[in-house]
Amino acid sequence: METFGDRLRAATAARGPLCVGIDPHPGLLERWGLGDDVAGLERFAFTVVEALADRVAVFKPQSAFFERFGSRGIVILESIIRQSRDAGVQVLLDVKRGDIGSTMAAYARAYLDSDSALSVDAITVSPYLGVGSLRPAFDLAAANGAGVFVLALTSNPEGSEVQHAVTAGGRTVAQTVIDEISQLNAGVEGLGSFGLVVGATIGETGHDLSKVNGPLLAPGLGAQGGDPAGLRAIFGESLRNVLPSYSREVLAAGPDPAALRAAADRATDACRAVIG
C-alpha cells in the first residue's frame with residue numbers, strides 16, 4: 001500500500017510545495033460577492049477546487065466553515081473532497097480532533113476509513129489529552145495509507161502557555177509531542193506519514209525537529225504574517241519536509257479563476273525558492 005508520506009512527496013515534487021486552505025469564512029464570502037449561505041459556500045468551494053486542482057499539491061479544507069451549515073455544508077465538503085482526490089490533490093482535512101477511547105476511534109473512522117464519505121488523505125489532531133489518546137487515529141491511518149498531523153507549535157498567542165511549559169522530565173510539552181511523533185516515523189524510508197503542525201510565524205524557538213522524518217505543516221503564510229524566507233529559522237535542516245500553507249493570500253484573489261491560479265503560482269514560486 002502506498003503511504004501518505006510517499007503520495008505527499010510525489011505530489012509536491014510534481015506540483016510544487018504548496019498547500020492551499022479552503023476556508024470559506026464569512027468575510028471571504030462577502031469579498032467574493034457571495035452570500036453567507038449554502039449557495040455561497042458551494043460556489044466558493046467549487047470555484048477554488050476547479051481553479052487550482054491541476055496545480056496544487058494539497059488542499060486543506062477547514063471543516064468548521066462547512067459544519068456551520070449543518071448537513072448541507074457537510075454534503076458540499078464531501079463533494080469537494082471527492083473532486084480533489086479524483087484530480088490527484090492530497091486532501092488534508094483541518095478538523096483538530098482529539099479525544100479518548102471509543103470517541104477518538106469514531107473520529108478516526110469518520111475521516112481515515114476508506115469506506116467513509118469523508119475519507120481524506122490526512123487530518124489534523126490535537127494531542128492535549130495525551131499523544132497516546134490519538135492511537136486510534138495513528139493505527140487507522142497506518143492501515144489505510146493515510147496521514148495524521150499533530151499540533152505541536154502553533155502561532156496563536158495563547159498556545160505558548162501550554163506548548164512551552166516545561167515538563168518534569170525537562171522537555172517542553174511541545175518537544176515531548178515532537179519526540180513522540182518522531183518515534184512513529186522511526187525507521188521509515190522516505191517521508192513518514194505522521195507529521196506536525198508548526199506555525200510559520202513562531203520564529204526560532206529552540207525546539208528540535210531534526211528527527212521527525214515526517215511532513216511539517218506550516219500554516220500562517222501570506223496574509224497571516226508568515227514569509228517563506230522565515231521558514232529557514234524555524235525548521236533548519238528539516239526544511240525539505242515543510243508543507244507551507246496559504247489561505248487568505250490566495251483565496252482573496254477570487255472569484256476570478258485566473259486570478260486564483262496566478263496567486264497560487266506566485267505562492268508556489270516563493271516557496272520553491274526557499275524549500276527547493
Side-chain angles (χ1 to χ4, degrees), residues 1-19 57-60 85 88-98 104-105 107-109 111-114 119-127 130-154 171-200 207-219 231-232 234-245 271-272 274-276:
M1 179 186 297
E2 189 177 34
T3 68
F4 170 68
D6 288 341
R7 293 198 307 278
L8 179 60
R9 187 70 93 198
T12 56
R15 299 178 175 216
L18 182 65
C19 169
V58 181
F59 279 142
K60 183 173 67 67
R85 299 188 79 188
V89 184
Q90 300 297 295
V91 177
L92 165 58
L93 188 60
D94 196 354
V95 288
K96 298 184 180 70
R97 302 300 192 223
M104 191 63 228
Y107 280 137
R109 286 194 296 272
Y111 308 114
L112 301 173
D113 188 323
S114 57
S119 176
V120 290
D121 295 283
I123 60 171
T124 57
V125 296
S126 173
V131 175
S133 69
L134 301 172
R135 176 57 61 182
F138 298 146
D139 289 346
L140 195 56
N144 286 302
V148 178
F149 286 80
V150 182
L151 301 179
L153 290 160
T154 59
R171 294 177 295 173
T172 66
V173 171
Q175 190 65 57
T176 300
V177 172
I178 292 165
D179 293 345
E180 292 200 39
I181 300 308
S182 300
Q183 285 298 311
L184 294 178
N185 292 322
V188 173
E189 294 186 12
L191 185 67
S193 295
F194 301 105
L196 297 167
V197 180
V198 178
H207 288 82
D208 181 8
L209 296 162
S210 64
K211 296 183 177 68
V212 176
N213 190 34
L216 301 165
L217 178 68
L231 298 175
R232 291 192 182 94
I234 300 170
F235 295 100
E237 63 187 82
S238 300
L239 190 62
R240 70 183 298 266
N241 293 339
V242 172
L243 179 62
S245 182
C271 292
R272 270 200 179 114
V274 174
I275 297 171

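The model shown is predicted, which means the values in this text are computed figures rather than measured ones. Residue numbers start at 1 and run along the sequence shown.
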**Message:** Between Val131 and Phe138, is the side-chain contact (heavy atoms from CB on, under 4.5 Å) condition met? List the steps.
**Reply:** CA-CA 10 Å; Val131 175; Phe138 298 146; 4.0 Å; yes
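- Asp179 and Gln183 share no side-chain donor-acceptor pair at under 3.5 Å.
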**Message:** Does Val197 form a side-chain contact (heavy atoms from CB on, under 4.5 Å) with Lys96? I'd like the steps, not just the answer.
**Reply:** CA-CA 10 Å; Val197 180; Lys96 298 184 180 70; over 6 Å; no
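- Here OG1 of Thr124 is found 7.0 Å from CG of Leu93. Values are rounded to the nearest 0.5 Å.
- If you take CG on Leu153 and CG on Leu209, they are separated by 7.0 Å, rounding to the nearest 0.5 Å.
- At distances below 3.5 Å, not a single donor-acceptor pair connects side-chain atoms of Asp94 with backbone N or O atoms of Lys60.
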**Asked** What do the steps show when you test Val198 against Ile178 for side-chain contact (heavy atoms from CB on, under 4.5 Å), and what is the final call?
**Response** CA-CA 10 Å; Val198 178; Ile178 292 165; 6.0 Å; no
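- Scanning all heavy atoms of the two residues, the minimum distance from Ile234 to Gly199 falls at CD1-O, 3.7 Å.
- Residues Leu134 and Val148 fail the side-chain proximity criterion, which asks for heavy atoms closer than 4.5 Å.
- One N or O on the side chain of Ser193 and one on the backbone of Gly5 form a donor-acceptor pair closer than 3.5 Å.
- Using modelled atom types, no side-chain atom of Arg7 and backbone atom of Gln90 make a donor-acceptor pair closer than 3.5 Å.
- In this structure, Pro136 and Tyr107 have side chains that are not in contact, with every pair of non-hydrogen atoms separated by 4.5 Å or more.
- Put simply, the side chain of Asp121 gets close to the backbone of Val91: a donor and an acceptor are under 3.5 Å apart.
- Residues Leu112 and Ala141 come closest through the heavy atom pair CD1-CB, 4.1 Å.
- Considering only heavy atoms from C-beta on, Arg85 comes within 4.5 Å of Ser119 through its side chain.
- For Arg232, the salt bridge (Lys or Arg N to Asp or Glu O under 4.0 Å) criterion is met by no residue, not counting sequence neighbours.
- A donor-acceptor contact shorter than 3.5 Å is absent between the side chain of Ser238 and the backbone of Asn241.
- Between Cys271 and Pro244 the shortest heavy-atom distance is SG-CG, 3.4 Å.
- The CD1 atom of Ile275 sits 8.5 Å away from the CZ atom of Phe235 when rounded to the nearest 0.5 Å.
- Contact detail for Ser133 and Gly130: the closest heavy-atom pair is OG-O, 2.6 Å.
- For the residue pair Thr3/Asp6, the side-chain donor-acceptor check at 3.5 Å is satisfied.
- Closest approach of Pro219 and Ser245 over heavy atoms only: CA-CB, 3.8 Å.
- The distance from atom CZ of Arg272 to atom OG1 of Thr12, rounded to the nearest 0.5 Å, is 9.5 Å.
- In this structure, the side chain of Arg97 does not engage the main chain of Ile123 through any donor-acceptor pair within 3.5 Å.
- Counting all heavy atoms, side chain and backbone alike, Ala174 lies closest to Ala152 at CB-O, 3.5 Å.
- With sequence neighbours left out, Tyr111 forms a ring-ring contact (aromatic ring centres under 6.0 Å, His included) with no residue at all.
- Around CD of Glu189, the count of heavy atoms belonging to other residues, nucleotides or ligands within 6.0 Å does not exceed 12.
- In terms of modelled atom types and a separation under 3.5 Å, the side chain of Gln175 and the main chain of Asp208 share a donor-acceptor contact.
- With values rounded to the nearest 0.5 angstrom, Leu196 atom CG is found 11.0 Å from His207 atom NE2.
- Among residues two or more places apart in sequence or in another chain, the side chain to side chain contact (heavy atoms under 4.5 Å, CB included) test is passed with Asn185 by Ile181, Phe194, Val212, Asn213.
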